[in-house]
Amino acid sequence: MKIFLINLDARPDRLHYVAQQLQALQLPFTRWRAVAGNSLTQAEQAIFNREKFFLEFKKYPVPGEIGCAMSHRGIWQQMVQQQLPYALILEDDIHINSKLTAFVADKTHYQDFDFLNLSANEPYAMAATAQQALIAAGSLVRPRIWQSRALWKQLEWRRRWRIFRLHVLGDGHIACECDPAPALGSGYILSLKGAAALLKTSETMFYPVDLTWRYSGGMLRQAFLAEPLITQSLGDTNIEGRYQGYKLNLWQRIQRFFVKSRRWRRRIDVIKLYGISRL
C-alpha cells in the first residue's frame with residue numbers, strides 16, 4: 001500500500017519524528033509537501049465558502065486550515081490520477097503503534113471500507129464489555145428498530161452516531177462500520193472510490209478537511225478502529241486561530257438555522273446502504 005506523509009517544509013523536526021517510526025516499522029513512505037497557509041493561491045482559497053463556514057462553525061477558516069485541506073486534496077487527486085486502489089494517509093504529529101505493519105500488510109483488514117479511520121474512535125463510547133458480549137453472541141450487525149439495542153447503545157454516542165456492523169479482523173482488531181465517522185484525520189486508509197468521492201465533495205468546502213467524509217456522497221462504507229493504531233502525540237500546531245470562535249448575532253443565528261447543513265447526501269446514502277430499519 002502506498003503511504004503518504006504530509007509535512008510542511010518548515011517542520012523538518014516533525015518529518016524526522018515520524019520518519020524514524022516508519023523506518024523502524026519497515027514501512028516505506030512518500031513525503032507529501034504540505035501546502036503552507038501563507039502561500040495559498042486565489043484558486044485554493046476560493047474552494048472555501050467562507051460565509052457558510054462561518055454559519056456552520058461560528059468561525060471563519062484560517063489560512064493554515066485551508067492549506068491542510070489542500071494538502072489532503074492533493075493526495076486524493078494523485079490517487080485518482082495514478083489509480084491507486086488504496087493509500088494510507090498520515091499527518092506528521094503522530095505516534096504509530098507497532099501493529100500497523102501487520103495491519104496494512106493484510107488487505108482483508110481494510111478492503112471492505114472506502115474510508116477507515118486509524119486515528120480516532122471519539123466520540124463513540126466503545127464499552128469493552130459490550131463489544132465482547134456482542135462478538136461472543138455473534139451479533140455483529142446493528143439490530144433493526146424493533147429489536148433490542150441495549151448493548152449497541154453502549155458503543156454509540158447520542159441518537160445519530162450509529163455503528164452498523166462490527167468487523168472482527170483478527171490480531172485483536174475490531175473495525176466499526178459507522179456514520180458519522182470520527183473527524184480526526186491524523187491517519188486513515190482511503191480507497192480509490194473514496195478518493196474520487198472526497199475529491200468531488202471538496203470542490204466547494206464549508207467545513208474543515210477532516211469532516212469531508214461526513215458530507216460526502218458516493219455510497220462510501222466508512223469505519224474506524226475500536227482501538228486506534230495512530231495517535232496524535234505533539235502538542236504544537238501549525239494552524240493558528242483554528243479554534244477561535246465567535247458569538248453570532250440574532251440575524252446570523254436565524255441564517256444558521258436555515259442554511260446549516262443536515263448532511264443529506266450522506267444520510268440518504270446511509271439509508272441505501274443499511275436500510276431505514278437500522279437507523
Side-chain angles (χ1 to χ4, degrees), residues 2 4 6 32 35 44 46-50 52-53 55-57 61 65-91 110-124 156-158 160-165 167 175-225 259-276 278-279:
K2 187 90 170 182
F4 293 97
I6 300 171
W32 188 265
V35 177
E44 289 169 335
I47 284 179
F48 274 75
N49 183 329
R50 287 176 51 82
K52 189 169 183 183
F53 191 106
L55 293 174
E56 286 277 332
F57 299 100
E65 214 161 21
I66 300 174
C68 181
M70 294 305 103
S71 302
H72 284 265
R73 288 192 85 249
I75 295 175
W76 303 341
Q77 189 169 30
Q78 181 150 321
M79 286 184 67
V80 172
Q81 290 174 344
Q82 296 185 356
Q83 292 292 285
L84 301 178
Y86 292 94
L88 170 59
I89 301 170
L90 304 173
E91 295 182 344
Y110 55 83
Q111 66 182 0
D112 291 334
F113 314 113
D114 298 300
F115 170 84
L116 177 59
N117 197 326
L118 305 183
S119 59
N121 57 17
E122 297 179 350
Y124 289 92
E156 300 171 338
W157 185 72
R158 294 187 177 179
R160 289 183 175 173
W161 293 73
R162 306 180 183 94
I163 295 174
F164 293 100
R165 185 180 182 90
H167 296 255
C176 306
E177 195 168 340
C178 66
D179 181 77
L184 188 65
S186 297
Y188 58 93
I189 294 175
L190 192 63
S191 74
L192 176 59
K193 177 184 175 182
L198 297 189
L199 196 60
K200 181 175 179 60
T201 298
S202 60
E203 288 175 354
T204 300
M205 300 179 72
F206 51 90
Y207 40 77
V209 68
D210 54 6
L211 294 187
T212 307
W213 33 91
R214 294 188 185 176
Y215 291 91
S216 179
M219 300 282 285
L220 304 183
R221 290 192 176 272
Q222 304 185 26
F224 64 93
L225 289 185
V259 307
K260 185 173 173 61
S261 174
R262 302 295 186 264
R263 302 194 310 116
W264 291 120
R265 253 190 315 191
R266 175 62 183 165
R267 288 183 176 177
I268 291 170
D269 280 357
V270 166
I271 292 172
K272 291 178 180 178
L273 285 167
Y274 307 109
I276 197 167
R278 298 199 187 275
L279 297 183

> Go through the structure and list residues passing side-chain hydrogen bond (donor to acceptor under 3.5 Å, both in side chains) with Glu91, not counting sequence neighbours.
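Only His72 meet the side-chain hydrogen bond (donor to acceptor under 3.5 Å, both in side chains) criterion with Glu91.
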> Using modelled atom types only, decide if a donor and an acceptor are shared between the side chain of Tyr188 and the backbone of Ser119 within a distance under 3.5 Å.
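It does not hold such a pair.
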> Run the ring-ring contact (aromatic ring centres under 6.0 Å, His included) test against Tyr274 and tell me which residues pass, sequence neighbours left out.
Phe164
> Measuring only between side-chain heavy atoms, which start at C-beta, is Arg278 closer than 4.5 Å to Arg162?
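The answer is no, as the side chains (C-beta and beyond) never meet within the 4.5 Å cut-off.
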> Kindly say whether Pro180 contributes a backbone atom to a donor-acceptor pair with the side chain of Arg160 at under 3.5 angstrom?
no
> Working to the nearest 0.5 Å, report the span between CZ of Arg221 and NE2 of His167.
7.5 Å
> Do the ring planes of Trp161 and Tyr124 sit parallel (below 30°), tilted (30 to 60°) or perpendicular (above 60°)?
perpendicular
> Knowing that exactly one of Trp213, Tyr86, Tyr110 qualifies, which makes a ring-ring contact (aromatic ring centres under 6.0 Å, His included) with Phe115?
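The passing option is Trp213.
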> Val270 versus Leu279: any side-chain heavy-atom pair under 4.5 Å?
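Heavy-atom side-chain distance check passes, below 4.5 Å.
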> Set out, in order, the CA-CA distance, both residues' side-chain angles and the distance that settles side-chain contact (heavy atoms from CB on, under 4.5 Å) for Lys193 and Met219, then state yes or no.
CA-CA 9 Å; Lys193 177 184 175 182; Met219 300 282 285; 4.2 Å; yes
> Check whether any side-chain N or O of Arg267 sits under 3.5 Å from a backbone N or O of Arg262 as a donor-acceptor pair, and report yes or no.
yes
> Could you measure the distance from the CD atom of Gln81 to the CD atom of Gln83? Nearest 0.5 Å is fine.
10.0 Å
> Mind checking what makes side-chain hydrogen bond (donor to acceptor under 3.5 Å, both in side chains) contact with Ser202, not counting sequence neighbours?
Arg73
> What is the distance from atom CD1 of Ile271 to atom CD1 of Ile276, rounded to the nearest 0.5 Å?
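If I round to the nearest 0.5 Å, the distance is 5.0 Å.
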> Roughly how far, to the nearest 0.5 Å, is the OG atom of Ser191 from the CE atom of Met79?
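Separation between the atoms: 6.5 Å.
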> Within a reach of under 6.0 Å around NZ of Lys260, are more than 12 heavy atoms found that belong to other residues, nucleotides or ligands?
yes
> With side chains defined as the heavy atoms from C-beta onward, is the minimum distance between Glu122 and Trp157 less than 4.5 Å?
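Side-chain contact under 4.5 Å: no.
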> Relative to each other, are the rings of Phe53 and Phe57 parallel, tilted or perpendicular (30° and 60° limits)?
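Ring orientation, 0 to 90° scale: tilted.
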> One pair to check against side-chain contact (heavy atoms from CB on, under 4.5 Å): Val209 and Trp76. What are the steps and the verdict?
CA-CA 12 Å; Val209 68; Trp76 303 341; 3.8 Å; yes
> Begin from the C-alpha positions of Glu65 and Phe48 and carry the test side-chain contact (heavy atoms from CB on, under 4.5 Å) through to its verdict.
CA-CA 10 Å; Glu65 214 161 21; Phe48 274 75; 5.6 Å; no
> When you measure from the side chain of Ser216 to the backbone of Thr212, do you find a donor-acceptor pair of N or O atoms at a distance under 3.5 Å?
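Absent.
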> If you measure from CE on Met70 to CD1 on Ile47, what distance do you get to the nearest 0.5 Å?
4.0 Å
> Quick one: closest heavy-atom pair of Gly218 and Ala197, and the distance?
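Heavy atoms only, the tightest pair is CA-CB, 4.4 Å.
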> Could you tell me whether the side chain of Glu56 and the main chain of Tyr207 form a donor-acceptor pair under 3.5 Å?
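Not confirmed, Glu56 side chain does not pair with Tyr207 backbone.
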> Lys52 side chain to Ser261 main-chain N or O, any donor-acceptor pair under 3.5 Å?
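Here the side-chain-to-backbone pair does not exist.
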> Test your reading of the model: is there a side-chain donor-acceptor pair from Glu156 to the backbone of Ile163, 3.5 Å cut-off?
yes
> Which residue in the set Gln222, Arg214, Arg263 passes side-chain hydrogen bond (donor to acceptor under 3.5 Å, both in side chains) when paired with Asp179?
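Going through the options one by one, the only one that passes is Arg263.
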> Considering all heavy atoms of both residues, which atom of Ser71 and which atom of Ile6 are nearest to each other, and what is their separation?
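Reported closest heavy-atom pair: CB-CG2, 3.8 Å.
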> Might you work through the side-chain contact (heavy atoms from CB on, under 4.5 Å) test for Phe4 and Leu84, ending with a clear yes or no?
CA-CA 12 Å; Phe4 293 97; Leu84 301 178; 4.0 Å; yes
> Do you know the tightest heavy-atom contact between Ala120 and Pro182?
O-CG, 3.5 Å
> State, yes or no, whether a side-chain contact exists between Phe206 and Val259 at a heavy-atom distance under 4.5 Å.
no
> So, the side chain of Asn117 versus the backbone of Leu184: is there a donor-acceptor pair under 3.5 Å, distance only?
yes
> Which pair of non-hydrogen atoms, one from Cys178 and one from Ala181, has the smallest distance, and what is that distance?
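Reported closest heavy-atom pair: SG-CA, 3.7 Å.
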> Just wondering, do Lys272 and Ile268 contact through their side chains at under 4.5 Å, heavy atoms?
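The answer is yes; the side chains approach within 4.5 Å.
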> Testing the basics here: between Leu116 and Ala175, what is the closest heavy-atom pair and its distance to 0.1 Å?
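So the minimum-distance heavy-atom pair works out to CD1-CB, 4.4 Å.
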> To the closest 0.5 Å, what do you measure between CD (Glu177) and CZ (Phe113)?
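CZ of Phe113 is found 5.5 Å from CD of Glu177.
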> Determine whether Leu220 and Arg266 make a side-chain contact, defined as any pair of heavy atoms from C-beta on separated by less than 4.5 Å.
yes
